[in-house]
Structures are given as structure tokens and as C-alpha cells.
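Protein chains get the first letters and strands the later ones, always in sequence-line order, with residue 1 at the start of each. Worth knowing before you read on, the calculation uses all heavy atoms, side chains too, and leaves out hydrogens, waters and symmetry mates.
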Amino acid sequence: MPELPEVETVRRGLEPVMSGVRVARVEQRRPDLRFPFPDGFAARIEGRRIERLGRRAKYLVADVEGGEALIMHLGMSGRFTIEAASGAIAGTPARPGEFAHDTGGLPQHDHVVFHLESGARVTYNDPRRFGFMDLVAGTGLETCRHFARMGIEPLSNALHEDYLAARANARSTDLKAFLLDQRHIAGLGNIYVCEALYRARLSPQRLAGCLADGRGRPTQRAVRLVPAIRAVLTDAIAAGGSTLRDYRSADGALGYFQHAFQVYGREGEPCLTPGCRGMVRRITQAGRSTFYCSHCQR
DNA sequence: CCGACTACCTGCCCGC
DNA sequence: TGCGGGCAGGTAGTCG
């Protein structure tokens, strides 16, 4: 699930528990996730304070006392669960009822547990193990392997029609692939690309080059796309944030609120644009599902 | 460099 | 009820 809004929601949920808190012990239960953990992973965190919990695109970045940054990516199925110091569950379990039904063995796919000095525990669960964790020098964050070629933050001022036009100018890929490419804009995924293109009334099959006029200047399509991307992410973060107010009422783990999507997952259903008589279609692009209304998205 | 494709891994849902 | 196939929110590596 985790695209930028979900990762931001997770960050906001973890921040009050982890930020400024010392890590007493790190329980690393397997040698790798998608990639091997770095050498001495647990030891490089244990006994140190988490100074700040930030985010870059879909990555969580925890500044660890001493100068290293703990980088965490949730892949497709990564989740965090918080157990508060009192023992009460402050974040919902990865699977509802998991602890109640636990017969004594370790819950499956709980790969890393951060035991905090406050007594709270933060558990990383990831069935598919497409997520990963790494430790990098905090001073070289932007030049590290993960971030060096990464594009702009879509919620920053860097997202501008001039930027889109310059990047998309003369590209032969379609808009869907262009927006999914983290080297241009970092943080959009399959769902929010579909949703942003719907809001901008642009066909996902149109070439990315349509955002520029041939000389790298923005077209009206680029002008429409910028606020559509911003709004879809902002709305999703707001919706995710609302689930954080009462952890126990949500039936998903931290940040896994099922947003009310307007096209994603709505194949065969009527287009929600007022006055549009179209129907949402599903096509495959770059091996992944795209949902859109061919009637109002041009 | 670009663009297209594949691999990685488990779980779930559907049809037979 | 079991089994095979397809699908799932991501990225990195390879190949032409």
C-alpha cells in the first residue's frame, strides 16, 4: 500500500513514540529483507537516541544519534505496529486479532522489533519482504545510493509546471510511466498516479511529451497536472491522518486507511465526474493496472 | 542515456 | 476441499 501519503501517515504515527527516544535494543530476526541488513545493524542503533523521524518520498529516515541515518522502505507490504509502554496496543496489529489469537510463537513476518527505552516497542512486519532498511552517513543522505538519482518531492515548491515540462519534454513514454518514475517525481505510486491523472482529466496513455510544447515550455496539461498531484496527495494524507486519532478503531495497521479512490479499483463502475456518462476502464501499462475514464480523461 | 522487461516474495481470491 | 493461475500499493537490475 505504501505510497507517499501512507508513508507520511506512518511517520506521523511513529514520531511521538520514537522521536527523541533512546533505542534500548534492536531485535533483527533475519539477515535480510529485500537486501541484507548492513553490517552491525542492531549494534549501530542500540543505545542511541532517535533524534528525528523524517521522510523522503516513500522512505522513512530516522536520524540516529552519532551521525547515521536509518533508512526504511516499506516495499509493498511493510507495516509498523506500536505497542505502548503500558503494554496496551497503541497501533493496531498487522493483522487484526493477531495477538489475541497468538498461540505463543513469534507472529509470522515480524522481522524487526525496536525496543525503546520508554518501554514501547515498534515492530516491522513485512510478508513479501520487498521492504528494506539501511544505515547511511547522515551528512551524505542526498548522495547516498537510495537518494542520489531521486526526483523532487511532489509536495514541495519544486513541483511546478516548468519542472514537469523540462523533464517530460520529448519523452516517448506514456504519462503513466513518466509519473511512476521516481527519478522525476518521487513518491507517487500506482494508485495516486491513476488518481492524479483522473483529477487532471488526462489520459494515462498520452505521451509524457504532451506536458511540454516542444521547446520545454509547459502546456495547459502540465498546468492542470500540478494541482491535481498536490491535491490527491494532500487529501490522502488528511484521510490517513484522521485514522491516527484513534488507533484502535481502524481495522488496518498504522496508515493503511483505505482511501476513497475515484478511479483506482473501480473497473466497470460509472465515472464520478459530474455529467460524465463514461465508465471506469482497467488497462495494463508497464505490466501494472491502470484505471481511468476514457470519456473524460483525454 | 532511455525504455522495456523481469525478478524478488507471500497472501489472497477466483474458477475449476 | 484442493490446486493452479492471476493479481497486489515497490524498486533494482539487465538488456537492447
* Quick check, are the ring centers of A:Phe291 and A:Tyr198 under 6.0 angstrom apart? -> no
* Asked: Among the nucleotides B:dT10, C:dG10, B:dC2, which one has an atom lying closest to any side-chain atom of A:Arg171?
  -> B:dC2
* Donor-acceptor contact present, side-chain A:Asp181 to main-chain A:Arg183, <3.5 Å -> yes
* Asked: Which value, in whole Å, describes the distance between the P atoms of nucleotides C:dC3 and B:dC9?
  -> 23 Å
* Of the non-hydrogen atoms in A:Tyr124 and A:Gly78, which two are nearest, and what is the gap between them? -> OH-CA, 3.4 Å
* Side chain of A:His109: nearest nucleotide among C:dG10, B:dG11, C:dC7? -> B:dG11
* What's the closest nucleotide to the A:Pro127 side chain, out of B:dC8, B:dT10, C:dA8? -> B:dT10
* **N/O (side chain, A:Gln182) to phosphate O (OP1/OP2, C:dT11) under 4.0 Å** => yes
* Base, sugar-phosphate alone, or nothing: which one does A:Arg129 contact when heavy atoms must sit under 4.0 Å apart? -> sugar-phosphate
* Asked: Quick one: is A:Arg288 getting a side-chain N or O under 4.0 Å of the C:dG10 phosphate, OP1 or OP2?
  -> yes
* Asked: Looking at A:His146 versus A:Phe132, is the centre-to-centre ring distance below 6.0 Å?
  -> yes
* Once you apply the 3.5 Å cut-off to both distances, tell me the Watson-Crick or G-U wobble partner of B:dA7, or none. => C:dT11
* If you find the nucleotide of DNA chain B closest to A:Ala286 and the one closest to A:Ala170, which residue's nucleotide is nearer the 5' end? -> A:Ala170
* To do: Select one nucleotide: of C:dA12, C:dG10, B:dG3, the one nearest the side-chain heavy atoms of A:Phe132.
  => C:dA12
* Asked: How long is the line joining CZ of A:Arg149 and C1' of C:dA12, in whole Å?
  -> 11 Å
* Asked: Is there a side chain to side chain donor-acceptor pair (under 3.5 Å) between A:His184 and A:Arg167 once you walk through the steps?
  -> CA-CA 7 Å; A:His184 305 309; A:Arg167 283 292 183 135; 3.2 Å; yes
* **Atom pair distance, as rounded to whole Å: CD in A:Glu267 and P in B:dC13** => 18 Å
* Asked: Has A:His146 got a side-chain N or O lying under 4.0 Å from the OP1 or OP2 atom of C:dT11?
  -> no
* To do: For A:Phe130 and B:dC9, say yes or no: do the ring centres fall under 5.5 Å of each other while the ring planes differ by less than 30°?
  => no
* Compare the minimum distances between each of C:dG10, B:dG11, B:dT10 and the side chain of A:Lys58, then state the nucleotide with the smallest one. => C:dG10
* To do: Verify side chain to side chain donor-acceptor pair (under 3.5 Å) between A:Tyr192 and A:Glu6, making sure each step is shown before the conclusion.
  => CA-CA 11 Å; A:Tyr192 294 110; A:Glu6 289 74 30; 2.7 Å; yes
* Structure fact -> When A:Gly287 and A:Ser172 are each assigned the nearest nucleotide of DNA chain B, the 5'-most assignment goes to A:Ser172
* To do: Could you check whether A:Tyr59 gets within reach of a base, just the sugar-phosphate, or nothing at all, counting any heavy atom under 4.0 Å?
  => sugar-phosphate
* Name the closest nucleotide to the A:Arg282 side chain, picking from C:dA12, C:dA8, B:dC2. => C:dA8
* Could you state the CG-C1' distance from A:Asp32 to C:dA12, rounded to the nearest angstrom? -> 16 Å
* Asked: Rounded to whole angstrom units, what separation is found between the CZ atom of A:Arg128 and the P atom of C:dT11?
  -> 13 Å
* Asked: Do any side-chain nitrogens or oxygens of A:Ser289 fall under 4.0 Å of OP1 or OP2 in C:dA8?
  -> yes
* Rounded to the nearest angstrom, tell me the gap between atom CD in A:Gln285 and atom P in B:dG3. => 15 Å
